Amino acid sequence: MGLSRHDFPALVAGFVAVLVGFTSSVALVFQAAQNLNASPAQTASWIWALGLGTGLTSLYLSWRYRQPVLTAWSTPGSALIAAAPGLTLAEGIGAFVVCGGLIVLAGTTRGFERLMNRIPASIAASLLAGVLARFGLDAVTRAPSSLPLVLGMLLAYLLGRRLWPRYAVPGVLAVGVAMALSLGQLDLSQVLAGGWAAPMWVTPVFSLNALIGLALPLFVVTMASQNLPGVAAQRAAGVTAPISPVITTTGVATLLLAPFGAFAINLAAITAAICMGREAHEDPQRRWLASASAGAVYILVGLAGGAVVALFAAFPKALVLAVAALALLGAIGNGLAHGMKEEGERDAAVLTFLVTLSGIQIAGIGAPFWAVLVGLLALLLRKR
């Protein structure tokens with residue numbers, strides 16, 4: 001596989017995807033590990049396992065299907081673990097193993113794929129638009145606290161789209177880093193203080209309390225709040241990688257790495273959209289390089305441990321949100337356009353979009369699951 005200068009935006013898109021995914025969720029990973037009384041070394045092992053699991057699956061699936069297939073760890077799953085009461089670390093690890101087995105079962109039986117095939121394209125596209133718009137809305141609300149930085153990045157994006165559209169997103173990232181340094185908002189002094197992470201095995205303990213209280217809810221929120229919008233993102237971008245083998249691969253990775261702290265590997269949605277659009281590469285056949293690049297960076301995140309954690313933590317939150325929102329503008333617009341295209345399905349699509357955008361949680365299950373239910377109900381009543 002040869003690389004040319006035209007592939008540079010794809011490589012940058014992969015880095016941006018990891019930057020967004022890591023900085024937006026790593027704090028929850030630490031909270032989850034602390035809730036299960038993991039030691040600092042065991043917490044570093046979690047980062048090692050999650051980084052390698054995400055990186056290797058992204059690299060393999062992208063290379064295997066030559067399409068932008070990006071994985072991630074379950075952000076709502078980490079929040080669930082952080083709130084799980086009264087479990088030991090070994091019981092938590094046992095719950096991770098069970099969750100991985102259930103994901104493998106969902107993939108090998110093709111049950112999840114059959115469910116996704118019943119969801120109309122308009123509902124899937126609106127679901128994706130809502131997931132991505134929520135991230136963009138966070139960037140807008142954060143803007144006033146870092147107005148010079150965000151306005152500078154916005155200007156760089158608008159000029160980039162006009163003058164050098166292929167390199168607009170890399171330009172935004174470069175301008176953001178330069179401005180953050182000049183404004184004193186980027187402190188890299190602690191980056192070299194971190195070290196390499198090492199895996200630490202924890203023998204799983206299987207208990208009924210952990211099965212009911214953590215394993216099953218972790219599986220449900222991962223499938224409903226992560227894999228469901230992940231598949232929607234792929235379909236909206238025209239990615240045709242087969243669902244069941246991809247889900248099975250993430251389940252196997254979870255199963256193998258669970259004793260080291262990998263609680264749930266799944267399809268990415270927001271970060272995957274960064275790798276799937278024209279901003280990543282003009283040629284759809286080369287966009288898989290973006291997700292493969294992200295996979296390589298995730299592996300580095302896992303291996304380098306503390307140093308990489310410090311590097312990503314050094315980026316201002318406003319910079320991360322702004323570069324993600326600008327990189328996702330095209331995907332948000334495409335999702336809305338496809339979702340609202342069919343007049344007879346427009347009401348259902350709008351409801352799906354709004355429920356997703358609301359970010360509501362009911363019974364521990366995130367908005368994407370309930371948005372699909374509301375959209376399908378509206379569509380069913382409309383057709384009847």
Side-chain angles (χ1 to χ4, degrees), residues 25 28-29 31-38 46 49-50 53-54 57 71-116 118-119 127 202-232 243-244 246-269 359-374 376:
S25 63
L28 277 175
V29 175
Q31 290 176 22
Q34 289 171 3
N35 188 51
L36 295 181
N37 298 313
W46 283 37
L50 292 169
T54 300
T57 51
T71 62
W73 57 76
S74 176
T75 300
S78 58
L80 190 69
I81 299 165
L87 294 180
T88 66
L89 178 59
E91 286 178 318
I93 294 296
F96 302 167
V97 172
V98 173
C99 177
L102 291 173
I103 296 174
V104 171
L105 190 64
T108 54
T109 60
R110 306 180 70 89
F112 181 70
E113 182 175 357
R114 285 194 291 269
L115 174 64
M116 289 302 304
R118 293 181 177 274
I119 298 177
L127 170 69
V202 175
T203 301
V205 171
F206 302 98
S207 69
L208 185 61
N209 184 30
L211 173 65
I212 298 174
L214 183 56
L216 293 178
L218 181 59
F219 168 71
V220 171
V221 300
T222 298
M223 299 303 291
S225 300
Q226 295 281 159
N227 282 328
L228 193 151
V231 173
I243 297 173
S244 292
V246 169
I247 296 298
T248 302
T249 301
T250 62
V252 170
T254 302
L255 201 56
L256 293 177
L257 292 170
F260 303 101
F263 45 84
I265 307 295
N266 47 250
L267 283 173
I360 62 169
Q361 281 202 354
I362 302 174
I365 299 176
F369 176 78
W370 304 112
V372 170
L373 285 187
V374 170
L376 291 176

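Just so we're clear, the structure is a prediction, and the values are computed from it rather than from any experiment. Computed over heavy atoms, backbone and side chain alike; hydrogens, waters and symmetry mates excluded.
A donor-acceptor contact shorter than 3.5 Å is absent between the side chain of N266 and the backbone of M223. In this structure, the side chain of T54 does not engage the main chain of T71 through any donor-acceptor pair within 3.5 Å.
The CG atom of L214 lies 7.5 Å from the CG atom of L36; values are rounded to the nearest 0.5 Å. In this structure, N37 CG and L87 CG are separated by 10.5 Å, a value rounded to the nearest 0.5 Å. Within the model, atoms CG of N227 and OG1 of T222 stand 7.0 Å from one another, a figure rounded to the nearest 0.5 Å. Here the CH2-CH2 distance, from W46 to W73, works out to 12.5 Å after rounding to the nearest 0.5 Å. Within the model, atoms CZ of F263 and CG of L50 stand 5.0 Å from one another, a figure rounded to the nearest 0.5 Å. Taking OG1 of T248 as the reference point, atom CD1 of I243 lies at 11.5 Å (rounded to 0.5 Å).
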After noting the C-alpha distance and the side-chain angles of T254 and V104, does the key distance pass the side-chain contact (heavy atoms from CB on, under 4.5 Å) rule?
-> CA-CA 9 Å; T254 302; V104 171; over 6 Å; no
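Between A95 and A210, the closest heavy-atom pair is CB-O, 4.0 Å. Looking at every heavy atom in both residues, A253 comes nearest to I265 through CB-CG1, 4.5 Å. Taking both residues in full, the closest heavy atoms of P259 and L255 are given as CD-O, 3.9 Å, listed atom of the first, atom of the second, then distance. L218 and C99 make their closest contact through CG-SG, 3.7 Å (heavy atoms, listed as atom of the first residue, atom of the second, distance). Of all heavy-atom pairs spanning A49 and A262, the tightest one is CB-N, 3.8 Å.
With contacts defined as side-chain heavy-atom distances shorter than 4.5 Å, the pair V205/I93 does not qualify. Contact annotation: the side chain of L267 approaches that of I247 to within less than 4.5 Å [non-hydrogen atoms, C-beta and beyond].
In this model, a donor atom of one side chain and an acceptor atom of the other lie less than 3.5 Å apart for E113 and S244.
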